[in-house]
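Data block below; observations after.
All of these numbers come straight from a predicted model, not from anything done at the bench. Only this structure's heavy atoms are used, side chains among them; waters, hydrogens and symmetry mates stay out.
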Amino acid sequence: MYSGTMSAAVEAAIESIPSIGFSLLDYSVEADFSAARKYVRIIVEEVLSRPMDKHLILNVNFPAVPENLIKGIKVARQAYAKYEEDFVERNDPNSKKYYWLTGKFVNFDRGRDTDVWALEHNYVSVVPVQFDMTNYVLKSKLEKTWKS
């Protein structure tokens, strides 16, 4: 459901530690985080400048572009998207088989209010997250039909 970065942020919030997960949309070992520096400061200063919920969680992602191409910050919702995983069979130097996890990112959501849209258009995306995964619409429907 979420990355290791966000799992740490969610676990912190469960323990009443407001948290922000920052990620750069670049999987390279040589990834350049310098453009993100300015926006990390802006976001952290904004969060710290006002009273915050002890369970605050923000998922912040940066496009992998130079700072001069970043258009600003968009508060967004999480897009309905996922990684379609695949496993490739390989052989190690001793000819023993192993499987390498690969896959591709698939976005099913074309909304202009999503994190994926924001990143594709060179905005920093900020998604407020919660660990209460209750489906309140379904809960309300079930309460009406499953009366005890």
Side-chain angles (χ1 to χ4, degrees), residues 1-90 99-148:
M1 290 204 38
Y2 43 77
S3 68
T5 300
M6 283 311 297
S7 69
V10 169
E11 289 296 321
I14 289 170
E15 296 298 326
S16 301
I17 302 168
S19 59
I20 305 172
F22 292 103
S23 298
L24 176 66
L25 197 61
D26 186 338
Y27 304 105
S28 167
V29 189
E30 311 284 320
D32 180 5
F33 289 83
S34 60
R37 183 178 298 123
K38 169 185 173 182
Y39 292 95
V40 168
R41 178 180 289 290
I42 290 169
I43 292 165
V44 169
E45 286 177 352
E46 184 65 30
V47 168
L48 293 176
S49 72
R50 61 193 73 231
M52 69 184 97
D53 183 296
K54 64 182 179 181
H55 299 293
L56 173 117
I57 313 168
L58 297 179
N59 181 6
V60 178
N61 285 279
F62 301 96
V65 297
E67 183 182 335
N68 65 320
L69 295 181
I70 295 178
K71 296 176 181 174
I73 298 171
K74 287 275 187 198
V75 177
R77 67 179 174 84
Q78 179 179 320
Y80 174 51
K82 69 175 189 167
Y83 280 92
E84 289 186 348
E85 296 175 346
D86 191 23
F87 292 90
V88 176
E89 184 178 296
R90 296 182 176 180
Y99 296 88
W100 190 260
L101 175 62
T102 66
K104 64 181 179 174
F105 181 77
V106 181
N107 180 20
F108 301 101
D109 195 328
R110 298 294 169 221
R112 294 172 52 98
D113 61 340
T114 69
D115 52 352
V116 172
W117 185 93
L119 291 163
E120 287 174 347
H121 291 86
N122 291 341
Y123 287 94
V124 175
S125 72
V126 177
V127 177
V129 178
Q130 64 184 12
F131 53 83
D132 177 355
M133 297 189 333
T134 305
N135 181 332
Y136 287 98
V137 173
L138 181 55
K139 178 182 179 288
S140 180
K141 288 178 183 177
L142 293 177
E143 286 172 338
K144 291 175 186 169
T145 58
W146 294 3
K147 294 181 180 178
S148 49

Check: About how many Å separate OG of Ser19 and NZ of Lys54, when rounded to the nearest 0.5 Å?
Finding: 14.0 Å
Notebook entry, point to check: So do the side chains of Val40 and Phe62 get within less than 4.5 Å of each other, counting heavy atoms only?
Noted result: yes
Checklist line | Polar side-chain atom of Glu15 near backbone of Ile17 as donor-acceptor pair, under 3.5 Å | finding: no
Check: At what distance, to the nearest 0.5 angstrom, does CG of Leu119 lie from CG of Leu24?
Finding: 9.5 Å
Item checked: Approximate separation, where rounding is to 0.5 Å, of Leu56 CG and Ser16 OG -> 12.0 Å
Note to self: Would you say that more than 12 heavy atoms from the other residues, nucleotides or ligands in this model lie under 6.0 Å from the CZ of Arg110, or not?
What the structure shows: yes
Note to self: Would you say that Val116 contacts Phe105 through its side chain, given a criterion of any heavy-atom pair below 4.5 Å between the two side chains?
What the structure shows: yes
Next item on the list: Report the distance from atom NZ of Lys139 to atom NZ of Lys144, rounding to the nearest 0.5 Å.
Entry: 11.0 Å
Margin query: For Pro128 versus Ala76, what's the shortest heavy-atom pair and its separation?
Written below: CD-O, 3.6 Å
Note to self: Does Arg112 have more than 12 heavy atoms from other residues, nucleotides or ligands lying within 6.0 Å of its CZ?
What the structure shows: no
Note to self: Determine whether Leu25 and Asn61 satisfy the following criterion, side chain to side chain contact (heavy atoms under 4.5 Å, CB included), listing intermediate values before the conclusion.
What the structure shows: CA-CA 7 Å; Leu25 197 61; Asn61 285 279; 5.7 Å; no
Checklist line | Closest contact, heavy atoms only, Ala118 versus Ser125 | finding: CB-CB, 3.9 Å
Next item on the list: For Val60 and Tyr39, run side chain to side chain contact (heavy atoms under 4.5 Å, CB included): C-alpha distance rounded to whole Å, both residues' side-chain angles, the deciding distance at 0.1 Å, then the answer.
Entry: CA-CA 10 Å; Val60 178; Tyr39 292 95; over 6 Å; no
Item checked: For Asp109 against Gln78, the heavy-atom pair lying closest together -> OD2-O, 4.5 Å
Note to self: How long is the straight-line distance from CZ of Arg37 back to CZ of Phe22, given to the nearest 0.5 Å?
What the structure shows: 13.5 Å
Notebook entry, point to check: Could you give the distance from OG1 (Thr114) to CD (Glu120), rounded to the nearest 0.5 Å?
Noted result: 7.5 Å
Check: How close do Pro18 and Met52 get, heavy atom to heavy atom, and via which atoms?
Finding: CB-SD, 3.4 Å
Checklist line | Reference residue Val44; test side chain to side chain contact (heavy atoms under 4.5 Å, CB included); the match among Val47, Leu48, Ile42 | finding: Leu48
Next item on the list: In sequence, state the C-alpha distance, the side-chain angles, and the governing distance for Val124 and Ile43, and then conclude on side chain to side chain contact (heavy atoms under 4.5 Å, CB included).
Entry: CA-CA 10 Å; Val124 175; Ile43 292 165; 4.2 Å; yes
Notebook entry, point to check: Going through the distances and angles, do Ile14 and Glu11 end up as a side chain to side chain contact (heavy atoms under 4.5 Å, CB included)?
Noted result: CA-CA 5 Å; Ile14 289 170; Glu11 289 296 321; 4.1 Å; yes
Margin query: Quick check: closest heavy atoms across Gly111 and Arg77, and the distance to 0.1 Å?
Written below: CA-NH2, 4.0 Å
Check: Counting N and O atoms only, with roles assigned by atom type, does the side chain of Thr102 sit under 3.5 Å from a partner on the main chain of Asp86, one being a donor and the other an acceptor?
Finding: yes
Margin query: Determine whether a donor-acceptor pair (N or O, by modelled atom type, separation under 3.5 Å) exists between the side chain of Asp115 and the backbone of Ala79.
Written below: yes
Notebook entry, point to check: Which heavy atom in Ala13 sits nearest to a heavy atom in Ile57, and how many Å separate them?
Noted result: CB-CG1, 3.2 Å
